[in-house]
Protein chains: 2
Amino acid sequence: MTKKVTITDLAARAKVSVTTVSQILNGKAARFSSKTVEKVKQLQKEMGYVPDFNAQSLIRKSGRTIGVLVPNLNNPFFSRFLRGIEDEAIKQDYVPLIFGSNNSQEQETHYLFESVRRAADGMIIASAVSDINYIDNILNQNGIPYILIDQAPVVKGDRVDANNEKGGALLADYLIKNGHTNVTVVCATKPTLNLQERLQGFVETYKKNGTPIPDANIITTDMTKKGGYDATAAALATKPNAIFAINDEVAIGLYRGLEEAGLKIPEDISIVGYDDIDLGEYIYPKLTTVHQPAFEMGTKAAQMIINRIEDQNEPIQQVSLPVSLVERDSVRAID
Amino acid sequence: MTKKVTITDLAARAKVSVTTVSQILNGKAARFSSKTVEKVKQLQKEMGYVPDFNAQSLIRKSGRTIGVLVPNLNNPFFSRFLRGIEDEAIKQDYVPLIFGSNNSQEQETHYLFESVRRAADGMIIASAVSDINYIDNILNQNGIPYILIDQAPVVKGDRVDANNEKGGALLADYLIKNGHTNVTVVCATKPTLNLQERLQGFVETYKKNGTPIPDANIITTDMTKKGGYDATAAALATKPNAIFAINDEVAIGLYRGLEEAGLKIPEDISIVGYDDIDLGEYIYPKLTTVHQPAFEMGTKAAQMIINRIEDQNEPIQQVSLPVSLVERDSVRAID
DNA sequence: AATTGGGATTAAACCGGTTTAATGCTTTTT
DNA sequence: AAAAAGCATTAAACCGGTTTAATCCCAATT
């Protein structure tokens with residue numbers, strides 16, 4: 001409970017001015033005698049002096065903080081994504097301020113304002129909401145740069161995503177190749193852009209194949225395990241021989257639902273997911289899915305927002321990371 | 001990119017002093033004429049004035065920030081725990097600064113110092129390390145109160161945990177009741193206190209039952225899915241009829257390992273886990289485990305640290321939340 | 001009419017730093 | 001010997017707020 005040591009205390013004990021201390025501790029020591037430099041550095045250790053963060057940020061006009069908003073802390077995809085952000089941010093001496101909105105627009109708004117209030121230097125946003133105008137309003141008005149994950153910017157802006165259309169197409173091709181012409185999709189009730197794109201890529205591929213997917217075969221639900229589970233009956237009612245779960249969490253729910261319905265994967269029905277969360281390798285049967293480079297999306301997003309923060313005039317970037325098919329055991333070939 | 005509005009700007013436009021604006025905006029408006037009050041409030045909206053966080057924190061000597069350190073952002077147990085913290089913190093107008101150390105003491109240390117530097121008002125720590133003296137050193141020296149999750153304080157200090165010994169005992173009783181006298185445990189290589197306690201409760205119960213567990217039946221590995229998977233062979237070598245995975249993640253790994261070994265759960269071997277992550281309900285067969293109130297542990301921890309922050313003299317609290325057995329399908333009765 | 005009192009407002013100090021523009025002293029240069 | 005240059009250091013302004021202790025003005029008391 002020792003009272004906090006300030007730069008003034010340190011200066012007093014060193015019998016120099018605070019300017020001197022400040023300069024030396026910030027490495028602008030060029031013009032100070034090595035005697036003074038040593039004295040100050042020594043005293044810093046001795047007294048355990050740590051510059052006051054708020055005082056520093058106030059005058060530097062930056063706290064090297066990045067606000068990060070994700071819809072769901074629970075989804076392993078986002079955990080990996082967050083790890084990527086943390087990893088890169090730390091390297092560049094930034095700190096992420098992480099918020100999970102639980103898929104609620106109200107909470108998103110709250111956290112957006114909280115980030116503004118805390119003077120985040122920039123934000124990385126994976127919104128759960130499809131209409132993101134309001135984000136731009138809040139952030140732009142406050143001069144906070146941001147980068148969107150998996151969403152199209154309202155106005156021209158930075159963006160990182162993985163190639164969702166491609167991912168959808170990859171899955172469709174694979175399923176078609178394995179003889180599944182009768183598929184149903186379990187998607188979100190209010191799909192965000194990335195989901196729309198996945199769906200689009202998938203559906204288009206089937207159309208091109210001459211085996212279009214009827215609208216009735218698009219089931220909607222929540223993007224959670226429970227959502228997948230709850231959608232089982234509706235999906236089954238369409239009598240598909242394969243189901244495309246728009247993300248892996250939903251696939252997990254479907255696994256359970258199908259098991260309870262007495263159906264065996266992939267003998268009775270095939271399933272594919274999307275994301276490639278690590279769990280996919282552990283469940284039985286192992287899940288065939290599309291790999292999204294979640295970690296890399298995180299590091300890339302962090303790099304980009306830091307660049308933007310430090311140079312507002314950088315050209316706008318829209319980065320689309322590659323995806324790939326992860327072929328495992330949840331699909332069987334039919335004839 | 002409109003330059004940030006300061007209180008001075010606002011005061012100028014309102015033709016009053018900054019003192020007036022400050023007072024009014026902080027609700028100390030009692031002595032101001034309603035005309036002035038209205039004018040200021042109106043202008044605040046109009047100009048979109050948000051008080052500078054760092055300036056405010058500097059003088060208030062608090063940024064209402066709670067540092068949170070967890071070993072692993074990936075583990076659903078911690079996701080739920082974090083949600084609990086976030087939930088409670090927000091209510092009390094605090095913001096959690098979340099860090100995941102990836103089970104590395106080096107990173108833990110880094111984040112500890114980062115929290116000090118950022119002037120966290122307090123910390124909630126779920127360390128991955130069993131010897132936590134160093135935490136106390138860093139934090140205590142800087143006058144930052146903290147509360148430990150699932151660890152015993154070095155010196156008398158606040159603590160939240162769930163009743164781990166009880167949980168271990170619960171599992172042991174259940175297994176014994178179902179006729180499993182020959183069990184093996186998969187535990188951490190360097191178990192933190194909570195894991196030691198679980199193990200202790202489990203082992204003691206078996207000992208009391210007159211069927212002690214041989215040391216050879218305690219297998220150690222990493223606390224991840226992969227760790228569980230990797231431990232399969234060693235566990236199987238002890239020829240158990242039931243395995244206690246010290247947490248659910250490990251159990252998931254074991255599920256996969258056992259499947260590959262051609263063993264059926266629970267027909268050929270029974271498994272129990274610990275934590276009750278939501279996944280347990282979805283895998284096949286559903287996992288029997290011990291429920292830890294992760295969310296409540298989070299809210300409780302947040303409440304406690306906030307109390308401590310706001311009143312350093314509060315009596316020290318050690319809260320142990322109740323656990324319960326969740327009986328599902330991964331154990332069969334043998335005779 | 002002088003004094004008191006209270007309502008409305010603000011000047012000024014302060015929080016803990018950073019930075020710019022001096023200042024004072026030596027040492028060189030001319 | 002005076003002017004210029006160089007080195008080491010620091011005074012003072014500033015960042016954007018909060019808070020304490022005035023100050024001002026007008027109505028009410030004595």
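Because the structure is a prediction, the values reported are computed rather than measured.
Listed pair B:Thr20 / C:dT10 meets the phosphate criterion, a side-chain N or O lying under 4.0 Å from OP1 or OP2. Checking the phosphate oxygens (OP1, OP2) of C:dT9, a side-chain nitrogen or oxygen of B:Thr36 falls inside 4.0 Å. Contact annotation: B:Lys61 side-chain N/O to C:dG16 OP1/OP2 distance is under 4.0 Å. B:Ser17 has no side-chain polar atom (N or O) that falls below the 4.0 Å cut-off from OP1 or OP2 of C:dT9. Note on A:Arg31: every side-chain N or O is 4.0 Å or more away from OP1 and OP2 of D:dA8.
Between B:Arg117 atom CZ and C:dG17 atom C1' there is a gap of 14 Å when expressed in whole angstrom units. As a whole-Å value, the separation of B:Asp9 CG from D:dC15 C1' is 13 Å. Look at CD on B:Gln23: it is 13 Å from P on C:dA8, rounded to the nearest Å. Following rounding to the nearest Å, A:Ile24 (CD1) and D:dC7 (C1') show an atom-to-atom distance of 14 Å. Distance A:Arg64 CZ to C:dT18 P: 14 Å, rounded to the nearest Å. Counting to the nearest Å, the C1' atom of C:dC15 and the CZ atom of B:Arg60 are 13 Å from each other. Per the geometry, NZ belonging to A:Lys15 stands 15 Å off P belonging to D:dT9, to the nearest Å. Between the CG atom of B:Leu25 and the P atom of D:dT18 there is a distance of 8 Å, rounded to whole Å.
The side-chain contact (heavy atoms from CB on, under 4.5 Å) test applied to A:Lys61 returns no partner, not counting sequence neighbours.
Using a 4.0 Å cut-off between charged side-chain N and carboxylate O, B:Asp87 and B:Lys91 make a salt bridge.
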Next on the checklist: Under the criterion side-chain contact (heavy atoms from CB on, under 4.5 Å), I'd like the reasoning laid out for B:Asp121 against B:Ile66: C-alpha separation, chi angles, the key distance, then a yes or no.
Outcome noted: CA-CA 6 Å; B:Asp121 297 305; B:Ile66 301 169; 5.9 Å; no
Checklist entry - What do the steps show when you test B:Asp93 against A:Arg117 for salt bridge (charged side-chain N to carboxylate O under 4.0 Å, His left out), and what is the final call? => result CA-CA 12 Å; B:Asp93 195 25; A:Arg117 208 169 67 84; 3.6 Å; yes
Checklist entry - Hey, mind stepping through A:Ile305 and A:Met123 against side-chain contact (heavy atoms from CB on, under 4.5 Å) and telling me if it holds? => result CA-CA 7 Å; A:Ile305 193 62; A:Met123 291 203 72; over 6 Å; no
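Summary of helix geometry: the two end axes of the helix from C:dA1-D:dT30 to C:dT30-D:dA1, each defined by five base pairs via their C1' atoms, are inclined to each other by 80° (rounded to 10°).
Pairs engaging residues 37-80 of chain A under the ring pair (Phe, Tyr, Trp, His ring centres under 6.0 Å) rule: none recorded [sequence neighbours left out].
Residue order along DNA chain C, read from the 5' end via each residue's closest nucleotide, puts B:Val18 first among A:Ile7 and B:Val18.
Taking every heavy atom of residues 52-59 of chain B and every atom of DNA chain C, pairs under 4.0 Å involve B:Leu58, B:Ile59, by number. Of the residues in residues 39-51 of chain B, not one places a heavy atom less than 4.0 Å from an atom of DNA chain C.
If you take CG on A:Asp9 and NZ on A:Lys4, they are separated by 11.0 Å, rounding to the nearest 0.5 Å.
Looking at A:Glu108 and A:Tyr134, their side chains do bring a donor and an acceptor atom within 3.5 Å of each other. Counting only N and O atoms by type, the side chains of A:Asn74 and A:Asn72 include no donor and acceptor under 3.5 Å apart. With hydrogens and angles left out, the side-chain atoms of A:Thr36 and A:Ser33 include a donor and acceptor closer than 3.5 Å.
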Ignoring hydrogens and angles, write down the donor-acceptor pairs under 3.5 Å from the side chains of residues 292-301 of chain B, residues two or more places apart or on other chains.
| from | atom 1 | to | atom 2 | distance (Å) |
| --- | --- | --- | --- | --- |
| B:Gln292 | NE2 | B:Asp275 | OD1 | 2.8 |
| B:Thr299 | OG1 | B:Glu296 | O | 3.0 |

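If you check every strand for non-hydrogen atoms under 4.0 Å, B:Ser22 touches a base.
Applying the 3.5 Å distance criterion, the base of D:dA11 shares a donor-acceptor pair with the side chain of A:Thr19.
Between A:Ser127 and the options A:Ile135, A:Leu148, A:Thr192, a side-chain contact (heavy atoms from CB on, under 4.5 Å) holds for only A:Ile135.
Here the nucleotide nearest the side chain of B:Val16, chosen from C:dT10, C:dG17, D:dT18, is C:dT10.
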